[in-house]
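Single-structure report; data block below.
Note that these values count all heavy atoms, side chains included, but never hydrogens, waters or copies made by symmetry. Proteins get letters first, then strands, A, B, ... in listed order; numbering begins at 1 in each.
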Protein chains: 4
Amino acid sequence: MAGVNKVILVGNLGKDPEVRHLESGSVVANLTLATTEAYKDRNGNRVENTEWHDLELWDGQAKVAEQYLRKGSQIFVEGKIKTDTWQDEQGNNRKRTKIRVLSFTMLGSKGGAENNSNSSGSNTMSQPNTGQQQPASMPSGSNMEEEDDLPF
Amino acid sequence: MAGVNKVILVGNLGKDPEVRHLESGSVVANLTLATTEAYKDRNGNRVENTEWHDLELWDGQAKVAEQYLRKGSQIFVEGKIKTDTWQDEQGNNRKRTKIRVLSFTMLGSKGGAENNSNSSGSNTMSQPNTGQQQPASMPSGSNMEEEDDLPF
Amino acid sequence: MAGVNKVILVGNLGKDPEVRHLESGSVVANLTLATTEAYKDRNGNRVENTEWHDLELWDGQAKVAEQYLRKGSQIFVEGKIKTDTWQDEQGNNRKRTKIRVLSFTMLGSKGGAENNSNSSGSNTMSQPNTGQQQPASMPSGSNMEEEDDLPF
Amino acid sequence: MAGVNKVILVGNLGKDPEVRHLESGSVVANLTLATTEAYKDRNGNRVENTEWHDLELWDGQAKVAEQYLRKGSQIFVEGKIKTDTWQDEQGNNRKRTKIRVLSFTMLGSKGGAENNSNSSGSNTMSQPNTGQQQPASMPSGSNMEEEDDLPF
DNA sequence: TTTT
DNA sequence: TTTT
């Protein structure tokens, strides 16, 4: 039976993306995203609760993340839940859940440079990202949506 | 910073709800939900991939789940991701992720019994649910939405 | 700036799909979907409120809708809001809002006919749909997701 | 039958909120939100398409919008679709669709003032909003979620 | 106009 | 462990 497995998150990255370029040519990026919820407890005091999510991006999206996202970046994410299961050395069943990102959008970025006269329309700029703290300016209007060829 | 942490699922229960009535008076229900995705591999063969989700419901919703849901029930779920972290006996950091359900809707239920002449409009029927395979017939139009007083 | 425009609906069709095969070869299906919400008014009486949505599907999805959906069908829909604006004969500004469907899933379909020995895995069955009340049985596990080549 | 009617938007306000304080004591805010989508046409040129949405907020949320939102503000919105229908003077059936907002979150706001030592936890600051271009600084972590007592 |  |  067909089902639906959808996750929508808005939050901030806890650290810079961790990107691996695989021998196969694939690229994987792992992000750590905090979503914070505020509420008042029964005494009326404001309390914050932060949930941390492990995100996984592949290929085109991983490259965009590598180039444009940094610790603290605020993003909107759409994806699905994936849980890996395995047995550890003691033979115990183990699980680990992550979010497979299907699309993401940068938020609040008035976009550093405004000269987005990028007639090719490409979101993937050509120069490599060398600096640690200087993400490239993302062309405005970028919604990284990937044709997902990895079904799981 | 305010965030968003939202999960939307449509799937079928893998088994009957497991419900605990706590001494505090609270009620917790744990459900296990399968969301199945079908796609074609590179050879054009149809492949199915099923993801299993651990759901947690509290109080009013837990009672409704106990009364109306059974193994195989198809439901729409809205909730949020919650990950518990702890250290195991070996001192290793461990995590476990579940979905805290905020609302759910039964789907496709042509309703076992048809005698829903429940003029009170109540969703909480009075007779206890004793049978294993005979869930009570849910009053029509029931969207179990809870005023969530447990912020996390 | 990149944005998000997402609609999620679960409801029932008010009538059979209306399908047009355009000269260009494109196919358009228009559906009318009811989403019903139940609540109690301040006197504790149960009240229902139904919202009607105009859905538009194109090409592959339109064909699937034509073949499998009928008045009363329950579906899960994901799409986006689109509002057309124009001037009427009196020169007044007019608007009309519809939902452009990006994917849909049939719900609760215990599947009329059970003979889904469709080893090709194809969702697009070849025989035309002639009967009014006899939608073809949908191959199981079908989540109609379209590579959307019509950006608006 | 229970249904689902959910809208999720991320965009920017086209103008300042329009707020009316009704004699009944209720407050209504109307917002105009742009969601922009970028894509490449068949010639590979980047094209932007903007959709405008009419949002309606009530009471507590309306007041927060009045105080903190301005033309250009970027927000995340969750709500539902509502279509009003009526007959015009010529007896024609008319419709108008808007989004009834159930919760919203300000995005990208590093928050003007940083001194949000607001121990009361209140999101509703007391001073009236007089300036046109100077929205009050929103206490961080504010997710305006309303207990919706207006079912439609 | 659907559904329960 | 579900469903088709």
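Per the stacking criterion (ring centres < 5.5 Å, plane angle < 30°), B/W52 stacks onto the base of F/dT1.
Among the protein residues, C/T50 comes within range of the nucleic acid bases, having at least one heavy atom under 4.0 Å from a base atom.
For the pair A/K98 and A/H53, the minimum side-chain heavy-atom distance is 4.5 Å or more. Contact of the C/L22 side chain with the C/W58 side chain is registered, since non-hydrogen atoms from C-beta on lie closer than 4.5 Å. Looking at heavy atoms from C-beta onward, C/T97 lies out of side-chain contact with C/D84 at the 4.5 angstrom threshold.
The distance from atom CE of C/M106 to atom P of E/dT3 is 13 Å, rounded to the nearest whole Å. Between C/N30 atom CG and E/dT1 atom C1' the separation is 15 Å, expressed in whole Å. Summarising the geometry, the separation between CG on C/L31 and P on E/dT1 is reported as 18 Å, rounded to the nearest angstrom. Residue C/I75 contributes atom CD1, which lies 13 Å from atom C1' of E/dT3 at whole-angstrom precision. Computed from coordinates, the C/K71 NZ to E/dT1 C1' distance equals 7 Å when rounded to whole Å. Between the CG atom of B/L13 and the C1' atom of F/dT2 there is a distance of 8 Å, rounded to whole Å. Summarising the geometry, the separation between CG on C/L55 and C1' on E/dT1 is reported as 13 Å, rounded to the nearest angstrom. Between the CG atom of C/L69 and the P atom of E/dT1 there is a distance of 21 Å, given to the nearest Å.
Closest approach to the B/N12 side chain among F/dT3, E/dT2, E/dT1 is made by F/dT3 (side chain taken as heavy atoms from C-beta onward). Among the nucleotides F/dT1, E/dT3, F/dT2, the one closest to the side chain of C/E48 is E/dT3.
Taking the side chain to side chain donor-acceptor pair (under 3.5 Å) definition, one finds that C/D54 meets it with C/R96, D/K95, sequence neighbours left out.
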